[in-house]
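Below: the structure, in structure tokens.
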There are 2 protein chains.
Amino acid sequence: MNVRLYLRYDGTAYHGWQIQNMNGKESGLKTIQGTLASALRALYGDFAGKIEGQEAVEPIGVSRTDAGVHADMYCASFHTDNESIPAERICYALKQFLPSDICVYRSEKAPDDFHARFDVVSKTYKYLFYTGEFSVPALENRAWHVSIKNGTSLDLDAMKLAAKGLLGTHQFDAFCAAGGSAKTTERTIFDIRVEKVNAPFLMPDGSDLYALYVEGDGFLYNMVRIIAGTIVYAGQGKIQPADIPEIIASKNRKKAGITAPAQGLYLNKVKY
Amino acid sequence: MNVRLYLRYDGTAYHGWQIQNMNGKESGLKTIQGTLASALRALYGDFAGKIEGQEAVEPIGVSRTDAGVHADMYCASFHTDNESIPAERICYALKQFLPSDICVYRSEKAPDDFHARFDVVSKTYKYLFYTGEFSVPALENRAWHVSIKNGTSLDLDAMKLAAKGLLGTHQFDAFCAAGGSAKTTERTIFDIRVEKVNAPFLMPDGSDLYALYVEGDGFLYNMVRIIAGTIVYAGQGKIQPADIPEIIASKNRKKAGITAPAQGLYLNKVKY
């Protein structure tokens, strides 16, 4: 059967989703995919989940998240001939084989031709950032600290306007880091919103926490992190919201904002 | 001059606040106090902050927090003869010498006889816990996962009632772990509240996040963690709120709830 897994993870300790190969061999770097594969092998045995042409269970993931990036909802699929564990119980059975920073919270039977990466209709990323003169260690590795003077704040309206300018179908060359493997730079952003988060249980006085959500049909290399950097630039007045169409049209990476750090980024939702 | 520092830290990587000695020598275990002392030495030089009878700067802290415990607000003080850095600038000067999980966010001149531990009037601790069948890796090391079946929840009213029963001055033997060094078990809880936290940017569907705040004149060994465990027991119906006075009167540790894990605990506020 083909099995669909939904997981969430803290990516701090991992070199991203994808198993890293070096000279045709696994590099030994800890990855989410590799850790999940080990858990599946521990559950099923090395070859019970054998896929044609592969040596052992290797789950297919919806997205290659980078090192340090997290997931609130990530989808992975794998085939197994072993139906002794009902699909919906696999998430419980995996608990004992996974470290505490990876949690498979749902599992279900998927159509035989389901493919976690190719079949995705939209992905939503979340980006968390906060302000203040000093950092908030409770957000260490989980949000971007935008250092600004006490008593000042980001312009939320400007950030909302800048976000609006990114909506729709565009060629996002200006929001793409070198090194990606995409064939085209055209992507569609279905929805984008930035909001100030009320979290007094977490944030000290003088610091504001913000969440940015971007839903699209797909994303170029570092695209969400560059969008986050650009939105923050708009909040700081370094970029005018009205300039966003021009920045997109320029296709020039240097016109957009900086690449926000990986640790503020979460794959938040996937739709099939 | 005598300097008061306010800091916050993520305690995950540390063996608590206090420098650990073994056979009269520092043990080499990483502590908040040791790390702060190193930063002060880097700033001032080894002996500039010399205190009578001590060999180098050693900040005095408001409380010995345990391994894995965090702080939203922690107060430490130290003496220095070097007044070249104005007291209120020390927090900026320390930035470069501190790791990112410790942040000194305020510094000020204190009266010569100020003592961070002896002069404290009240301390408030925060305890974060959440429910759900599966863990939330984004809260890994920073909150306690109370595993309960999906579709069920904790009884917030029962938790609030149980908390109320702890208010006031009592002999808290039932809420004290063995191994403490307190001369008396009498402590006063000035304020205690438990609330459900609305944090959709953080929590998945089916999980609830709670914050418990306890303000008191002082706390016995593991006292807040045992209070948190007892409150959660009340929320699960394992203890009746009406039984709290009896549990206190019993002075029997076994009558109270379990000791909640260190990682959910934060020193939240100190008053002088």
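Below, read A as the first sequence line, B as the second, and so on, with proteins coming before strands; counting in each chain starts at 1.
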> For B/F114, is the NZ or CZ atom of B/R4 found under 6.0 angstrom from the centre of its six-membered ring and inside 45 degrees of the ring axis?
Replying inline: yes
> Is chain A contacted by the side chain of B/E133, its backbone, both, or neither, given a heavy-atom distance below 4.5 Å?
Replying inline: both
> With chain B, which of A/E195, A/K126, A/R106, A/K95 has the greatest number of heavy-atom pairs at distances under 4.5 Å?
Replying inline: A/K95
>> Under 4.5 Å from any heavy atom of chain B, what part of A/V136 do you find: side chain, backbone, both or neither?
In response: both
> Rounded to the nearest 0.5 Å, how far does CG of A/N2 lie from CD1 of A/I60?
Replying inline: 7.5 Å
> Can you say whether A/R142 sits under 4.5 Å from chain B via the side chain, the backbone, both, or neither, judging by heavy atoms?
Replying inline: side chain
> So what's closer than 4.5 Å to chain A heavy atoms on B/L139: side chain, backbone, both or neither?
Replying inline: backbone
> Going from CD1 on B/I32 to CG on B/D101, what distance comes out if it is rounded to the nearest 0.5 angstrom?
Replying inline: 7.0 Å
> Cationic tip of B/K271 within the cone over B/F190's six-membered ring, i.e. under 6.0 Å and within 45° of the normal?
Replying inline: no
>> Any heavy-atom pair between the side chains of B/I90 and B/L43 that's under 4.5 Å?
In response: yes
> Among B/A199, B/A211, B/C91, who wins on heavy-atom pairs under 4.5 Å with chain A?
Replying inline: B/C91
>> Looking only at heavy atoms and a cut-off of under 4.5 Å, which of A/T12, A/D72, A/V197 has the most pairs with chain B?
In response: A/V197
>> Below 30° counts as parallel, above 60° as perpendicular, anything between as tilted: where do the rings of B/F129 and B/Y210 land?
In response: parallel
